Amino acid sequence: MLGFEEQPCCPVSRDWAKTSSVEASGNLEASENKRTCEDPDSPITKKMRLGTPARLVANDAAHCDKQGSDPVAPDVSIPNIPLEELASVPGIASCGVKVVDVYRTGAKCVPGEAGDPRKPGAEYHQVGLLRVKPGRGDRTCSMSCSDKVARWNVLGCQGSLLMHFLEEPIYLSAVVIGKCPYSQEAMHRALIGRCQNVSALPKGFGVQELKIQQSHLLFEKSRCAVQAKRPDSLGRLVPCGAAISWSAVPEEPLDVTANGFPQGTTKKGIGNLQARSRISKVALFRSFQKLLSSIAEDKWPYSLRVQKLHTYLEYKKAASTYQEAWSTLRKQAFGSWIRNPPDYHQFE
């Protein structure tokens, strides 16, 4: 299963795809090279036609870390392949079309972590390892969804900047997973269990007993759902590069982006202020600075008054309690967590 394929655009015809900016060229061919077929990053596994037997695409957050438990299959029929058979298919289906079983994910282990054994079925992955998100291009530095949620479950989801104004972190109370192959045991291990023994955290920080629940609702635009509705379509399912971020802010409730840039951004416009997502590091830092400018300096939190701060990195490091908690978590549980070079945070 490949996480980036979970929210596909509507099927497009081959003629339309030739003039589209979406990567939609090429057809799925039966490969003579089994190793290439089994590589989730190869072009073959990334491209498929709607009319061919489908790969089961499961929820990324539910499977990035925890392929060791038996999943419960959703109530979705996939053309030509009984759903219960997918979990036992390690490589090539009898019809010669590549099928990736439910235990596999495109997420790669981060450098420094032990590799996956890559055995058939449930033993393909090693559970508990840190991973980066799968992607269509160069290898990403973004950690997997389950890793991020596990971190939030200890440090809070507010980040370091807002901790200057808070006495305690802001924790999620629950996580709801949509209808997909699912294991409660695996979810608990991925989001809570890995950090269960972390100790000596600063006051206010701790591993939360997050509620993990599964909905019976299937995302109507998921690959499985779309394939079931259009079994005879000649078009190909193309992953959608668009994203919508919503916040309860009246003046700017939505942030709509395409391939990381605000919708409508042209190539010439990349690099301008208008090409920044409202949830980018720079944009959020500008909002933080705007907040500070509305408060008299003598009313600022002590952590911001004790020294003169200039860069985004300096403001982050000044949240000493948060940084202490993050350092403790890295030492005891997430030692291989990928960190961006300091230069990325040296903006004012």
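Keep in mind the model is a prediction, meaning the values are calculated, not measured. Values below: every heavy atom of this structure, side chains too, minus hydrogens, waters and symmetry copies.
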Is there a chain of hydrophobic side chains (I, L, V, M, F, W, Y, each step under 4.5 Å between heavy atoms) that links [X] to [Y]?
X: L162; Y: V249; answer: no
X: L210; Y: F205; answer: yes
X: W152; Y: L130; answer: yes
X: W326; Y: L313; answer: no
X: L172; Y: M143; answer: yes

Quiz item: Among all residues two or more places apart in sequence or in another chain, which pass the ring-ring contact (aromatic ring centres under 6.0 Å, His included) test with F334?
Solution: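 With neighbours one apart ignored, the set is W337.
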Quiz item: Quick one: ring-ring contact (aromatic ring centres under 6.0 Å, His included) partners of F261, sequence neighbours excluded?
Solution: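 Result, ring-ring contact (aromatic ring centres under 6.0 Å, His included) vs F261: none returned.
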Indicate yes or no: at least one non-hydrogen side-chain atom of [X] is less than 4.5 angstrom from one of [Y].
X: F165; Y: L291; answer: yes
X: Q274; Y: P262; answer: no
X: K148; Y: S142; answer: yes
X: P111; Y: I338; answer: yes
X: M163; Y: T321; answer: no
X: N340; Y: H345; answer: yes
X: Q213; Y: I177; answer: no

Please check if the number of heavy atoms outside [X] that lie under 6.0 Å from its [atom1] is greater than 12.
X: Q184; atom1: CD; answer: yes
X: R118; atom1: CZ; answer: no
X: E167; atom1: CD; answer: no
X: K281; atom1: NZ; answer: no

Taking every non-hydrogen atom, the tightest pair across [X] and [Y]:
X: L329; Y: C195; value: CD1-SG, 3.9 Å
X: E220; Y: A225; value: O-CB, 3.7 Å
X: P169; Y: L155; value: CB-O, 3.5 Å
X: Q323; Y: S160; value: NE2-CB, 3.8 Å
X: P117; Y: E123; value: CG-O, 3.1 Å
X: A114; Y: C109; value: O-SG, 3.6 Å

Practice problem: Would you please classify the geometry between the Y312 ring and the F347 ring as parallel, tilted or perpendicular, with 30° and 60° separating the classes? | Solution: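 Rings of F347 and Y312: parallel, as their planes differ by under 30°.
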Donor-acceptor contact below 3.5 Å, side chain [X] vs main chain [Y]:
X: S183; Y: A186; value: yes
X: E314; Y: T311; value: yes
X: D116; Y: Q126; value: yes
X: R230; Y: V226; value: no
X: N153; Y: Q208; value: yes
X: Q158; Y: I170; value: yes
X: R278; Y: A283; value: no

If you round to the nearest 0.5 Å, how far is [atom2] of [Y] from [atom1] of [X]?
X: L284; Y: F288; atom1: CG; atom2: CZ; answer: 11.5 Å
X: E324; Y: K203; atom1: CD; atom2: NZ; answer: 13.5 Å
X: K308; Y: L304; atom1: NZ; atom2: CG; answer: 11.0 Å
X: K299; Y: L292; atom1: NZ; atom2: CG; answer: 15.5 Å
X: S144; Y: K108; atom1: OG; atom2: NZ; answer: 13.5 Å
X: R194; Y: S146; atom1: CZ; atom2: OG; answer: 5.0 Å

Self-check item: Criterion side-chain contact (heavy atoms from CB on, under 4.5 Å) on V306 and W300, from CA distance to verdict
Solution: CA-CA 10 Å; V306 68; W300 286 5; over 6 Å; no
Exercise. Take T265 and R276 through the test side-chain contact (heavy atoms from CB on, under 4.5 Å) and record every step on the way to the result.
Key: CA-CA 9 Å; T265 302; R276 290 176 181 167; over 6 Å; no
Quiz prompt | Pair V132-D147, side-chain contact (heavy atoms from CB on, under 4.5 Å): steps then yes or no | solution = CA-CA 9 Å; V132 292; D147 291 339; over 6 Å; no
Practice problem: Given side-chain hydrogen bond (donor to acceptor under 3.5 Å, both in side chains), test H188 with Q196 step by step and report yes or no. | Solution: CA-CA 10 Å; H188 186 278; Q196 200 77 64; 4.6 Å; no
Quiz item: With sequence neighbours left out, what residues match R151 under side chain to side chain donor-acceptor pair (under 3.5 Å)?
Solution: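 R151 satisfies side chain to side chain donor-acceptor pair (under 3.5 Å) with Y322 once adjacent residues are dropped.
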Quiz item: Any side-chain donor-acceptor pair under 3.5 Å between S222 and K179?
Solution: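 No, because no side-chain N or O of S222 sits under 3.5 Å from a partner of the opposite role on K179.
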Self-check item: K316 and L161: CA distance, side-chain angles, deciding distance, side-chain contact (heavy atoms from CB on, under 4.5 Å) verdict
Solution: CA-CA 6 Å; K316 285 171 62 72; L161 292 183; 4.2 Å; yes
